[in-house]
Asks: 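Structure below; questions to follow.
The structure displayed is predicted, hence computed values, not measured ones. The sequence lines fix the lettering, A, B, ..., with proteins before strands; numbering per chain opens at 1.
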Number of protein chains: 2
Amino acid sequence: MDTSLPKSDIFKGLTRDQLSGLVEKGRRIILKPKSVLFHQGDPAASCFLVNRGRLKLTKLNEQGREVIFRYIGAGELTAAITVLKRWAYPVTAESVEETVVVGWDKPTMIQAMHRYPDIAINLMGIILERIDDVQHRYLEVCTEHVDQRIARSLLRLMRRAGLKHPEGIQINLPLSRQNIADYSGTTLYTVSRTLSAWEKKGWILSGREQIVVTDPHALVQFSETG
Amino acid sequence: MDTSLPKSDIFKGLTRDQLSGLVEKGRRIILKPKSVLFHQGDPAASCFLVNRGRLKLTKLNEQGREVIFRYIGAGELTAAITVLKRWAYPVTAESVEETVVVGWDKPTMIQAMHRYPDIAINLMGIILERIDDVQHRYLEVCTEHVDQRIARSLLRLMRRAGLKHPEGIQINLPLSRQNIADYSGTTLYTVSRTLSAWEKKGWILSGREQIVVTDPHALVQFSETG
DNA sequence: CGCTCTATTGATAAACCTCAAATACAGTGG
DNA sequence: CCACTGTATTTGAGGTTTATCAATAGAGCG
């Protein structure tokens, strides 16, 4: 069995042996692209670590409109909150590409935290960062214009999933206009128009489900001043 | 000294004596209406419990536009996050009426958590509820129309600060149109127009900085369907 | 090559904001 | 009690932003 694990914040402080012991207790799941790991309100959802690939975390509102909270990649956790709460995690996780995760159920996770208190501390840190992140994005979506928000979305994705590319930095993720819209709180039409305009300005290059940011500085400038 | 403390989630599980010992270690602060307890990015901010009155938690964006995250009342905590993180809490807390808070610095709080592990567990629970709340509001602000969001804001405030009133439920809080706008992510003009319309429909009564919800059911209905 | 999914673009409408001006209200000091 | 002042609120007009709808083009795949 492949016991290699990516570096992850949650297990910082553990030795190699402790870590592989934990991994053995986990359930390894391989997801094809666009398959659902757990669904909004799924009571069985427990704690998952992404080993390879990437998950999209979303939420649907009553009318069925989707919002993307974040994309999480190798070494990142999701649904860790459920370990500490009895309610189901109100978020859906879906792979955007072939993805491998390791999942632990609540009892295992709680036992692990007792044995290695570092895990609990790390978990706390991760949750606090998430809260800060959502709060900041809440501020943005309340106060900023759509195009500013699109710019921020691209920059955020670029930082988390950026790859070197001859013309700039490529967002290494299958990313449709609809995805960007769901991530920015707008519609695919507005995204399309906005990206077209930026492409004319030379700030980005765009293709089918692909974006390359060619002038990050211009985007940053724009995202801050409008 | 007045050692009476409101029931608070954070100290659930502690005895009366343990609690009053803690209160004595805290610093009691009395705030006149509209005074700032701590400011966005203030490194000195530590953990505060509201004893009486109410605080408004806000954040300013780069252009100086304010967003209200939440109003917190007696028995509720704020800035608890700072206890566990080195960074400053990126939020401003301001009293909306005469307010009494008890504040503890980080070392005291950490010591207390060691002595009474219940506190750490309770704190965790509070933080998890907050994350869920912000995420849900993020979804709302991304997907819903302004008037739906205003309806949700009134309902939320009603549930947290509602008082019986001959005509319905009064929101017991000085609440200007601007406040509602900052809480809903819109402008005071739109709030004014919307409330006028609802008053004509008999859903609410409104006065200067005062709202009475006379038909909560209609508001709920509206907030869900548009 | 035809099928499906994604993206673009124009036209139109709706939602919402901004500005300006008028009005209502609460508190203060005479 | 009343005028005065500062703030809160309302409302209209006009404009901008953004969503919606519809039609077309393009890309990838078997």
Asks: With a 4.0 Å limit, can you tell me whether B:Thr190 has a side-chain N or O closer than that to the phosphate oxygens OP1/OP2 of C:dC16?
Replies: no
Asks: Quick one: B:Ile204 CD1 to D:dT10 C1', roughly how many Å, whole number?
Replies: 13 Å
Asks: Over how many whole Å does the gap from A:Gln178 atom CD to C:dA7 atom C1' extend?
Replies: 12 Å
Asks: Contact class for A:Ser196 vs. all strands (heavy atom < 4.0 Å): base, sugar-phosphate, or nothing?
Replies: sugar-phosphate
Asks: Can you tell me which nucleotide in D:dA22, D:dT9, C:dA20 comes closest to the side chain of A:Tyr189?
Replies: D:dA22
Asks: Rounded to whole Å, how long is the line connecting atom CG of A:Leu195 with atom P of D:dT18?
Replies: 14 Å
Asks: Is there a donor-acceptor pair closer than 3.5 Å between any side-chain N or O of A:Ser192 and the backbone N or O of A:Leu188?
Replies: no
Asks: For C:dA7 and A:Arg177 - does any side-chain N or O of the residue sit under 4.0 Å from the phosphate oxygens OP1/OP2?
Replies: yes
Asks: For B:Leu188, which contact category applies under a 4.0 Å heavy-atom criterion: base, sugar-phosphate, or nothing?
Replies: base
Asks: In whole angstrom, what separates B:Gln210's CD from D:dT10's P?
Replies: 13 Å
Asks: Can a side-chain donor-acceptor contact be found between B:Tyr71 and B:Arg160 if the only test is distance below 3.5 angstrom?
Replies: no
Asks: Would you please indicate yes or no on a ring centroid separation below 6.0 angstrom for B:Tyr183 and B:Phe69?
Replies: no
Asks: Measure from CD on B:Glu144 to C1' on C:dC16 and round the result to the nearest Å.
Replies: 16 Å
Asks: Quick check: on DNA chain D, is the nucleotide nearest B:Lys34 upstream (toward 5') of the one nearest B:His145, or the reverse? Name the residue that is more 5'.
Replies: B:Lys34
Asks: Do A:Thr82 and A:Ser46 have side-chain N/O donor and acceptor atoms under 3.5 Å apart?
Replies: no
Asks: NA contact type, B:Ser192, heavy-atom cut-off 4.0 Å: base, sugar-phosphate, or nothing?
Replies: base
Asks: Whole angstroms only, please: what is the CD-C1' distance between A:Glu199 and C:dT9?
Replies: 15 Å
Asks: Is there a donor and acceptor pair closer than 3.5 Å between the side chain of A:Arg149 and the base of D:dT18?
Replies: no
Asks: Given the side-chain rings of B:Trp198 and B:Phe222, with only the six-membered ring counted for Trp, is the space between their centroids under 6.0 Å?
Replies: yes
Asks: Does D:dT18 have its OP1 or OP2 closer than 4.0 Å to a side-chain nitrogen or oxygen of A:Thr187?
Replies: no
Asks: Which one, D:dT18, C:dC16, D:dT9, comes nearest to the side chain of A:Asp147?
Replies: D:dT18
Asks: Measure from CZ on A:Arg193 to P on D:dC21 and round the result to the nearest Å.
Replies: 13 Å
Asks: Whole-Å distance between D:dG26 C1' and A:Glu209 CD?
Replies: 13 Å
